[in-house]
Amino acid sequence: MAAAEQSLAGGKLLLDFPAEAVARLTISNPERRNALDHDILGSLAEALPPLGEGIEHRCLLITGAPPVFSAGYDIAGIPESSFETDAEALVANPFHAAMEAVSAHPYPTVAAINGHCLGGGLELAIRCDLRVASTEAKLGMPPAKLGLVYGHTGLERFIEVVGVARTRELFLVGRNYDGERAERIGLVNEAVPRDEVAATALELAEEIAGNAPISTRGNKRAIETLARNPVLTPEEERELVELRRSCFASEDLREGISAFAEKRKPRWTGR
């Protein structure tokens, strides 16, 4: 496990490695309530691909510097004279690229929502595979309060996570939910007291990272394909069948069976 913390985006995005095979990205933009600006979004998109290579980092944890996860993408500071073009450019380019990079990450991702998580910050969280939230956090989508029509790729992700009815509720009403309400509607997987979020999310990430990388990557890929394609094409079905078949020829499957029988920790190779 690497010990050094890396500073990205001029110090507004921090990368560290808090546990074996776990990488953590922390949004640290306190003056803007961890709002997602060009620097943070660009660095997020650039940092993710290397973390998905090999088996050294088998789970990615994303969080915000307390007391906020993220207040969303940062359009408040854009001058009126260039607002129309600059705001659209922020949402359409670096924001979209960063969100797609999170969705495309090959290993499981966990969001540790330690405080308010709004707008684009909430989309960042739902792009992760699993979410742990503070019971005191406020989660919501304010586009209806701002006059914003949200991007269809983001709306699609919300529909996948909470369904059409709850997506309508989020985007047409515009209320904020606390962590417990968010857990009840499936927006987060678990809500815990605020001072337990970091430890709970890290424990979850460690548990995931301890699993076979060939399995977590393969199952994530299969789930993503099925979620986005209710009716599979013949090519997609062949790909998923081959994905399943490939595990039976892997060293890791044999290692997992041996480790289970011998009651020891497996030594994964990713092969």
Side-chain angles (χ1 to χ4, degrees), residues 21 23 25 41 44-62 91-111 120 122-131 141 150-168 170-171 185-189 204-205 207-257 266 268-271:
L25 286 167
L41 293 167
L44 187 61
E46 290 176 7
L48 288 175
L51 295 174
E53 297 173 358
I55 67 167
E56 185 179 358
H57 310 115
R58 301 193 293 273
C59 187
L60 173 68
L61 185 59
I62 299 179
V91 174
N93 187 9
F95 182 80
H96 177 73
M99 297 304 104
E100 290 299 307
V102 174
S103 293
H105 195 67
Y107 285 110
T109 52
V110 176
L122 184 54
E123 183 177 343
L124 173 58
I126 66 137
R127 293 277 184 157
C128 294
D129 298 303
L130 298 168
R131 288 159 295 283
M141 291 303 299
Y150 209 75
H152 69 281
T153 54
L155 288 167
E156 188 175 46
R157 286 289 167 171
F158 278 91
I159 290 170
E160 289 173 6
V161 171
V162 296
V164 174
R166 294 301 188 188
T167 299
R168 287 190 175 120
L170 278 165
F171 284 86
I185 69 171
L187 193 60
V188 303
N189 299 88
L204 178 61
E207 185 175 358
I208 292 169
N211 292 330
I214 196 170
S215 179
T216 55
R217 285 175 62 112
N219 285 328
K220 175 171 176 170
R221 175 103 173 248
I223 291 166
E224 177 78 3
T225 299
L226 290 166
R228 299 186 71 77
N229 304 280
V231 179
L232 296 177
T233 66
E235 292 77 16
E236 289 165 341
E237 187 160 9
R238 280 195 295 271
E239 180 186 2
L240 294 187
V241 169
E242 181 55 36
L243 194 61
R244 177 182 59 82
R245 284 178 177 163
S246 67
C247 78
F248 291 100
S250 72
E251 295 176 11
D252 274 356
L253 178 60
R254 287 161 177 76
E255 168 63 13
I257 293 171
W268 307 120
T269 65
R271 298 191 294 270

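Side chains included, hydrogens not; waters and symmetry mates left out as well; all remaining heavy atoms used.
Taking S103 as the reference, R127 meet the side-chain hydrogen bond (donor to acceptor under 3.5 Å, both in side chains) condition, with sequence neighbours excluded. Taking the salt bridge (Lys or Arg N to Asp or Glu O under 4.0 Å) definition, one finds that E237 meets it with nothing, sequence neighbours left out. For Y107, there are no ring pair (Phe, Tyr, Trp, His ring centres under 6.0 Å) partners, not counting sequence neighbours. When the salt bridge (Lys or Arg N to Asp or Glu O under 4.0 Å) test is applied to E207, no partner is found at least two apart in sequence or on another chain. The side-chain contact (heavy atoms from CB on, under 4.5 Å) test applied to A23 returns L15, F17, L51, H57, L60, not counting sequence neighbours. The side-chain contact (heavy atoms from CB on, under 4.5 Å) search around E156 returns E160, R228, not counting sequence neighbours. Under the rule for a side-chain contact (heavy atoms from CB on, under 4.5 Å), the partners of S250 that lie at least two apart in sequence or sit in another chain are I214, D252, L253. Remark: R166 pairs with E169 by the side-chain hydrogen bond (donor to acceptor under 3.5 Å, both in side chains) rule, at least two apart or across chains. With sequence neighbours excluded, no residue forms a salt bridge (Lys or Arg N to Asp or Glu O under 4.0 Å) with E242. Residues passing the side-chain hydrogen bond (donor to acceptor under 3.5 Å, both in side chains) test with E46, sequence neighbours excluded: none. Remark: P108 engages D129, I208, T216 in a side-chain contact (heavy atoms from CB on, under 4.5 Å) (not counting sequence neighbours). Taking the side-chain hydrogen bond (donor to acceptor under 3.5 Å, both in side chains) definition, one finds that S246 meets it with nothing, sequence neighbours left out.
Between the CD atom of E255 and the CD1 atom of I257 there is a distance of 10.5 Å, given to the nearest 0.5 Å. How far CZ of R168 is from CG of L155: 11.5 Å, rounded to the nearest 0.5 Å. Taken from SG in C59 to CG in L204, the straight-line distance is 7.0 Å, to the nearest 0.5 Å. Here the OH atom belonging to Y150 is positioned 11.5 Å from the OG1 atom belonging to T167, to the nearest 0.5 angstrom. Of the inter-residue distances, the one linking H105 atom NE2 with R217 atom CZ reads 8.5 Å to the nearest 0.5 angstrom.
The backbone N or O of I55 sits less than 3.5 Å from a side-chain atom of R58, completing a donor-acceptor pair.
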Could you give me the CA-CA distance, side-chain angles and deciding distance for L232 and L226, then say whether side chain to side chain contact (heavy atoms under 4.5 Å, CB included) is met?
-> CA-CA 7 Å; L232 296 177; L226 290 166; 3.9 Å; yes
How far apart are the C-alpha atoms of L25 and L48, what are their side-chain angles, what is the distance that settles it, and do they pass the side chain to side chain contact (heavy atoms under 4.5 Å, CB included) test?
-> CA-CA 9 Å; L25 286 167; L48 288 175; 3.9 Å; yes
Stepwise side chain to side chain contact (heavy atoms under 4.5 Å, CB included) check, L187 with R131 = CA-CA 8 Å; L187 193 60; R131 288 159 295 283; 5.7 Å; no
Between R221 and E224, is a salt bridge (charged side-chain N to carboxylate O under 4.0 Å, His left out) present by the stated rule, with each step listed?
-> CA-CA 5 Å; R221 175 103 173 248; E224 177 78 3; over 6 Å; no
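Scanning all heavy atoms of the two residues, the minimum distance from V161 to I126 falls at CG2-O, 4.0 Å. Closest of all the heavy-atom pairs between T153 and H96 is OG1-ND1, 3.6 Å. Scanning all heavy atoms of the two residues, the minimum distance from A101 to A45 falls at CB-CA, 4.0 Å. Between G52 and P106, the shortest heavy-atom contact is O-CG, 3.6 Å. Here the closest heavy-atom approach between residue E123 and residue M99 is recorded as OE2-CG, 3.6 Å. Closest approach of T109 and C128 over heavy atoms only: OG1-CA, 3.2 Å.
Side-chain atoms of T225 and N229 form no donor-acceptor pair, as typed in the model, at a separation below 3.5 Å.
Taking the charged nitrogens against the carboxylate oxygens, E251 and R254 have no contact shorter than 4.0 Å, which rules out a salt bridge.
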